[in-house]
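Below is one structure, written out as structure tokens; the observations come after it.
In this text, all values refer to a predicted model and were calculated from it rather than measured experimentally. Chain letters run A, B, ... following the sequence lines, proteins first, then strands; residues in each count from 1.
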Amino acid sequence: MRISRYILPTLKEDPSDAVVSSHRLMMRAGLIRKESAGMYVYLPLGLRALRKVIAIIKEEMDAAGAHEFLMPEMTSADLWRESGRWDSMGPEMFRIRDRNGLEYALAPTHEEAFTAVVRSLISSYRDLPLNVYQINTKFRDEIRPRYGVIRSKEFIMKDAYSFDMDEKGLDESYQAMRRAYRQIFQRCGLETIPVQADTGSMGGSDSEEFMVASEVGEEVLLLCGSCDYKANQEKAEFRRGDRKGGGAPEALREVSTPDVKTIADLAAFFQCDEGLFLKSIVYLADGAPVMAVVPGNREINELKLARALKATALELAPDSVVEEVTGAPVGFAGPVTDKKVRMLFDLAVKGVVNGITGANKKDLHYAGVNPGRDFTIGEEYDLTKAVAGDPCPKCGSPMRETKGIEVGHIFKLGYKYTKSMKVSVLNEQGRETTPIMGCYGIGVNRTVAAIVEQHHDDKGIIWPKAIAPFDVHLVGIWKEEQELRALEGLYDTLSKAGFEVLYDDRKASPGIKFADADLAGLPVRVTAGKGYFQTGDLEIKCRWGGEVVKVKESGLVEAIRDSLAGCP
RNA sequence: CGGGGUGUGGCUCAGUCCGGUUAGAGCGCGUGGUUUGGGACCAUGAGGUCGGAGGUUCGAAUCCUCUCACCCCGACCA
């Protein structure tokens, strides 16, 4: 491609609204433009990179035996009503009506749509297993789109759904996707951290997220320093064993604590470790009040709590409910009470000796609180967030925290959709059987952004060769028309050799051309200037580093191949 | 939704506090010329309802009210 006839609107300065490097560089290199908040235009160069990622995903999905579909992006409300998600999805789903008042969703995901087609396509166990996928636009009314293409309202996703006869089959489908995903990201030149993840309200057992470590990541990961335990914070467990307090159990006593409500206030007031307090927080789980009791030095992991409760909706109870449940203003709740409220205790609570907790009376706390004697631990779960430094649940070594961008997610869906949408096939015995599903997503746009995030320097992008929009950046530094003609020949040679060449034939100063080449970040740069016109010397430079290599035209193709081979 | 911030030519920004001629700079763009191995130089030119609406005033980019958009932090969300 000749740049003189291409669209390559590079920017010398950082756009004022881009705060992360991938967004900045994608704008500056002329890959994308913003249409409005959370919506982006792909310019030709950006589209080429996007298509490379898509091609790799397709190849690997097909190789794994999945079948590509193309689904409507506007999906009928009836479909969502069947699964029950028309009501449960909430405002993140765009809903529209046609002129007759019929309701539709701009699909944020396609479980229903795929389940419905597959239902019409299968009737026997012989039709399974089946893995179907598409690469298509998704719409989500994000509360806050940000980081350019990393979190947008409209994005491209590869979503796949597997259907199997039983859990064993599902596991095979799942493992096939685990392998495919590793292959896909590896081929994209993207180093990902597969972590154990929560399956959310979907239920199901296994779940793995493919994360790219990044300061701008929106998820927190806990990684063990010595074994292979990796989990996102929503799921992460940690080894228990901490005993708080000590000595002989003291008598339960009331302590006047006027206006001392928060854990920090309490720690200052009682002059003791925050872990000695039993923080008691009232939630509404599907509308019913519950009290969660955790050590004061720990944060509640609401996902773990919701899972323990098997609740679909969990929210902090409003003050009025707290007062009703505890009989005291907010800040004085505790498990030592006669009131009948469902209580869940974190695993660490039983290890507290002579703890301190709210007395369910205004301005009063109990000290010398001992589990078992002063209250009964009925329901005990892991309810707290793991943080950096906590011991690994597998090996006990301290874990560290990293932020990550989620680029892929695979999980076992279970029967949620096949049951609610009444999918069944006949098994070998001729009995109706409900297939079990798996679900596998990749955020395509954010994969591109993550690659840029992972591979760049202060001058621009450094594309892995598999994703680079072109293979070779041919920089022609010419003055005379005859020189330009000679460069055309060179461009022709390289194109015929099978390279995708971005050829800078512009009448511009060398500085501009080199700067643009660095920004665009194609893996191999070939420079043809004075040396070429005088002695036939060409220069090859790899964007990934290394020295400038001089070659003659006869050895050029070979040298480029070598250079590309040396690139990630 | 709460808090904070920004809207001035294609881009990055100054000017706004303290109202006062034809609204500025750099980059980019057009033309002519000189240049040409790391974002050249000279000359000349085009391009702006100062986000929008209303108001105050002799006079508004500047003050007031409303509104829209965008960015950041948080909340929310699977």
* Write out all pairs satisfying salt bridge (charged side-chain N to carboxylate O under 4.0 Å, His left out) with one or both partners inside residues 212-223 of chain A, taking only residues at least two apart or from two chains. => Arg146(A)-Glu218(A), Arg151(A)-Glu218(A)
* Asked: Can a side chain N or O of Arg146(A) be found less than 4.0 Å away from OP1 or OP2 on C73(B)?
  -> yes
* Structure fact -> Quick tally for nucleotides 4-13 of chain B: nucleotides whose base has a protein heavy atom under 4.0 Å get B, sugar-phosphate-only ones S, the rest -, giving -------BSS
* To do: Check whether any side-chain nitrogen or oxygen of Arg144(A) sits under 4.0 Å from OP1 or OP2 of C72(B), and answer yes or no.
  => yes
* Structure fact -> Residues passing the ring pair (Phe, Tyr, Trp, His ring centres under 6.0 Å) test with Phe533(A), sequence neighbours excluded, are none
* **Residue list, side chain to side chain donor-acceptor pair (under 3.5 Å) with Arg28(A), at least two apart or on another chain** => none
* To do: Nearest whole angstrom, please: distance from the C1' of C72(B) to the CZ of Arg24(A).
  => 16 Å
Report all interatomic pairs (protein N or O, nucleotide N or O of nucleotides 40-50 of chain B) with separations under 3.5 Å.
{"from": "A40(B)", "atom 1": "OP2", "to": "Ser509(A)", "atom 2": "OG", "distance (Å)": "3.2"}

* What residues form a ring pair (Phe, Tyr, Trp, His ring centres under 6.0 Å) with His456(A), not counting sequence neighbours? -> none
* **Any residue meeting side chain to side chain donor-acceptor pair (under 3.5 Å) with Asp471(A), in chain and number order, not counting sequence neighbours** => none
* To do: Verify the contact: side-chain N or O of Lys34(A) to OP1 or OP2 of C71(B), cut-off strictly under 4.0 Å; return yes or no.
  => yes
* Quick one: ring pair (Phe, Tyr, Trp, His ring centres under 6.0 Å) partners of Tyr283(A), sequence neighbours excluded? -> none
* To do: Look at the aromatic rings of Phe210(A) and Tyr181(A) and report parallel, tilted or perpendicular, splitting at 30° and 60°.
  => tilted
* Could you note down all residue pairs passing ring-ring contact (aromatic ring centres under 6.0 Å, His included) where residues 7-47 of chain A supplies at least one of them, sequence neighbours left out? => His23(A)-Tyr40(A)
* Asked: Side-chain N or O of Lys12(A) less than 4.0 angstrom from OP1 or OP2 on C27(B)?
  -> no
* To do: State whether the distance check finds a donor on one side and an acceptor on the other, under 3.5 Å, for side chain Arg525(A) versus base G38(B).
  => yes
